[in-house]
Amino acid sequence: MTLTSPHLGSSEGWTDARLLYALEEVVETELNRHLKVTKDWMPHEYVPWSDGRNFPGFFEDGEPWDPSQSKVTDIGKIALVVNLLTEDNLPSYHHEIASLFGRDGAWGTWVHRWTAEEGRHGIVMRDYLLASRAVDPDKLEQFRMAHMSEGFESDNRHSMLHSVAYVSFQELATRISHRNTGHQSGDPVCDRMLARIATDENLHMVFYRNLLRAAFELAPDLTMQAVRDVVVNFRMPGHGMPGFERAAAQMAIGEIYNMRIHHDDVLQPVLRFLKVLEIDGLGPEGLKAQDELGLYMNGLDSEARKFDEKLAARKARMAARAAG
């Protein structure tokens, strides 16, 4: 499909409203494609209900939670809590994208469908954690209340293009985080559940990535600037949760999500697919953004290399202590 516009190649004249209107047909096409390839699934089918039992409180036979009851590794527990608290903020995410993309037409249909699909993720994760006694249920609820009480404001709420660029990377980042958490959870049931969630996240990424490709065709300079801004200032949506910095550091060391993974498995695949650093015909501002994006990616790769070296040294020290 070829998109044409009197504003093609120029930053002048493009407003969020005009971009939303110009991309409506692409959204409809991508929505129809998504509905053909996605498969409905039942969250309750992924939960080990037979492992469940009452907690203390109203039930006289309630059994208090104890760490020994969990089948999940220590790093798995940390990542599962971070991932679930991120999913818990779905009402705020829905408000953000519904306000930005609208509730009518193909955009509105996508917003509501995306929200409905994402809703399964929090449902199945919480049910799994409680039925399997993987984490402390009281602390989990305390964290949820603290996190959601803070509210959420997107770093990119000022711009439709910035928001589309952000979710193109963030959906992939979430998929990677879920998959790596499952792999390192130590529980095959958990791994299977998170694999199912990751499949959804990948399809959501494809939707937004394809939309971003159409935006590059419509308004290349503005889209390049948006991608640069998003990549350089990228933060996961759960950054405001209690203890996030410490948890993120532990997840980095545990190879759930770190600088190397972010560079190699999240940023690079999207940039490479869209050939962002190879786009030509840009104006001065677009070229400047493209150059800055390339320099940032090179710098991030260098920083990731340093992280890799420190992580390898840490593993060597731990192996030596274990052998001694």
[Y] and [X], any side-chain heavy atoms less than 4.5 Å apart:
X: Asp127; Y: His44; answer: no
X: Lys77; Y: Ser70; answer: yes
X: Phe307; Y: Glu303; answer: no
X: Arg33; Y: Lys36; answer: no
X: His183; Y: His178; answer: no

Once rounded to the nearest 0.5 Å, what's the spacing between atom [atom1] of [X] and atom [atom2] of [Y]?
X: Arg103; Y: Ile97; atom1: CZ; atom2: CD1; answer: 10.0 Å
X: Asn233; Y: Arg228; atom1: CG; atom2: CZ; answer: 9.0 Å
X: Arg196; Y: Met42; atom1: CZ; atom2: CE; answer: 10.5 Å
X: Phe216; Y: Asp221; atom1: CZ; atom2: CG; answer: 10.0 Å
X: Leu274; Y: Met224; atom1: CG; atom2: CE; answer: 9.5 Å
X: Asp280; Y: Gln290; atom1: CG; atom2: CD; answer: 8.5 Å

#### Entry: Exercise: identify the closest heavy-atom pair between Gly294 and Leu277
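Nearest pair, atom of Gly294 first, then Leu277: N-CD2, 3.9 Å.
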
[X] and [Y]: same hydrophobic cluster, using ILVMFWY side-chain contacts below 4.5 Å?
X: Val270; Y: Leu295; answer: no
X: Ile253; Y: Ile261; answer: no
X: Trp65; Y: Val81; answer: no
X: Leu161; Y: Tyr21; answer: no
X: Met125; Y: Leu130; answer: no

### Message
Among Val230, Asn298, Val276, Leu267, exactly one meets side chain to side chain contact (heavy atoms under 4.5 Å, CB included) together with Leu293. Which residue is that?
### Response
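Of all the options given, the one that passes is Val276.
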
### Of Val164, Val27, Leu23, the residue whose pairing with Phe101 passes side chain to side chain contact (heavy atoms under 4.5 Å, CB included)
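Single pass found, and it is Val164.
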
Below 4.0 angstrom, N of the basic side chain to O of the carboxylate: do [X] and [Y] qualify?
X: Glu309; Y: Lys306; result: no
X: Glu255; Y: Lys315; result: yes
X: Glu285; Y: Lys288; result: no
X: Lys71; Y: Asp51; result: yes

Please check: side-chain N/O of [X] versus main-chain N/O of [Y], any donor-acceptor pairing under 3.5 Å?
X: Thr73; Y: Gln184; result: yes
X: Thr223; Y: Ala215; result: yes
X: Asn156; Y: Ser163; result: no
X: Trp107; Y: Leu20; result: yes
X: Arg133; Y: Pro64; result: yes
X: Gln250; Y: Ile78; result: no
X: Ser132; Y: Tyr128; result: yes
X: Gln170; Y: Tyr166; result: no
X: Glu201; Y: Leu172; result: no
X: Asn258; Y: Ala252; result: yes

#### Entry: Which residues share a salt bridge (charged side-chain N to carboxylate O under 4.0 Å, His left out) with Asp40, sequence neighbours left out
Arg113, Arg120

### Message
Going by the rule salt bridge (charged side-chain N to carboxylate O under 4.0 Å, His left out), which residues pair with Asp264 if we only count those two or more places apart in sequence or in a different chain?
### Response
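With neighbours one apart ignored, the set is Arg260.
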
### Query
NE2 of His95: more than 12 outside heavy atoms within 6.0 angstrom?
no

### Query
Take atom CD in Glu28; do more than 12 heavy atoms of anything else shown fall under 6.0 Å from it?
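Not more than 12 within 6.0 Å, no.
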
### Geometric cation-pi criterion Arg209 and Phe273, 6.0 Å radius, 45° cone
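Yes, Arg209 sits over the ring of Phe273.
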
### Query
Would Arg235 count as a cation-pi partner of Phe244, with NZ or CZ less than 6.0 Å from the six-membered ring centre and within 45° of the ring normal?
no

### Message
Would Met297 and Val231 count as a side chain to side chain contact (heavy atoms under 4.5 Å, CB included) here? Give the steps.
### Response
CA-CA 9 Å; Met297 290 299 294; Val231 169; 4.1 Å; yes

### Task
Assess whether side chain to side chain donor-acceptor pair (under 3.5 Å) is satisfied between His162 and Asp229, documenting all intermediate values.
CA-CA 8 Å; His162 283 72; Asp229 294 345; 2.9 Å; yes

Would you call the rings of [X] and [Y] parallel, tilted or perpendicular if under 30° counts as parallel and over 60° as perpendicular?
X: Trp110; Y: Tyr208; value: perpendicular
X: His121; Y: Trp41; value: parallel
X: His204; Y: His34; value: tilted

### Query
side chain to side chain donor-acceptor pair (under 3.5 Å) between Ser177 and Asn83: does it pass, once the steps are laid out?
CA-CA 8 Å; Ser177 181; Asn83 292 350; 3.2 Å; yes

### Task
Go through the steps for Asp191 and Arg179 under the test salt bridge (Lys or Arg N to Asp or Glu O under 4.0 Å), then give the verdict.
CA-CA 7 Å; Asp191 190 25; Arg179 285 305 285 127; 3.2 Å; yes

### Task
Check step by step if side chain to side chain contact (heavy atoms under 4.5 Å, CB included) holds for Leu203 and Trp114.
CA-CA 10 Å; Leu203 290 175; Trp114 175 87; over 6 Å; no

### Query
Under the ring-ring contact (aromatic ring centres under 6.0 Å, His included) criterion, do Phe169 and His262 qualify, and how do the steps go?
CA-CA 9 Å; Phe169 296 106; His262 183 60; 8.1 Å; no

### Message
Applying ring pair (Phe, Tyr, Trp, His ring centres under 6.0 Å) as the test, list every pair that has at least one member in residues 70-93; sequence neighbours left out.
### Response
Tyr93-Phe152

### Task
Please report the C-alpha distance between Asp187 and Ser185 in whole Å, then the side-chain angles of each, then the deciding distance to 0.1 Å, and finally whether the side chain to side chain donor-acceptor pair (under 3.5 Å) criterion is met.
CA-CA 5 Å; Asp187 182 6; Ser185 67; 6.0 Å; no

### Task
Begin with the C-alpha distance, continue with both residues' side-chain angles, and end with the deciding distance and a verdict on side chain to side chain contact (heavy atoms under 4.5 Å, CB included) for Leu80 and Leu194.
CA-CA 10 Å; Leu80 278 164; Leu194 291 177; 4.0 Å; yes

### Task
Evaluate the criterion side chain to side chain contact (heavy atoms under 4.5 Å, CB included) for residue pair Met236 and Thr174; output intermediate values, then yes/no.
CA-CA 9 Å; Met236 290 295 275; Thr174 305; 4.2 Å; yes

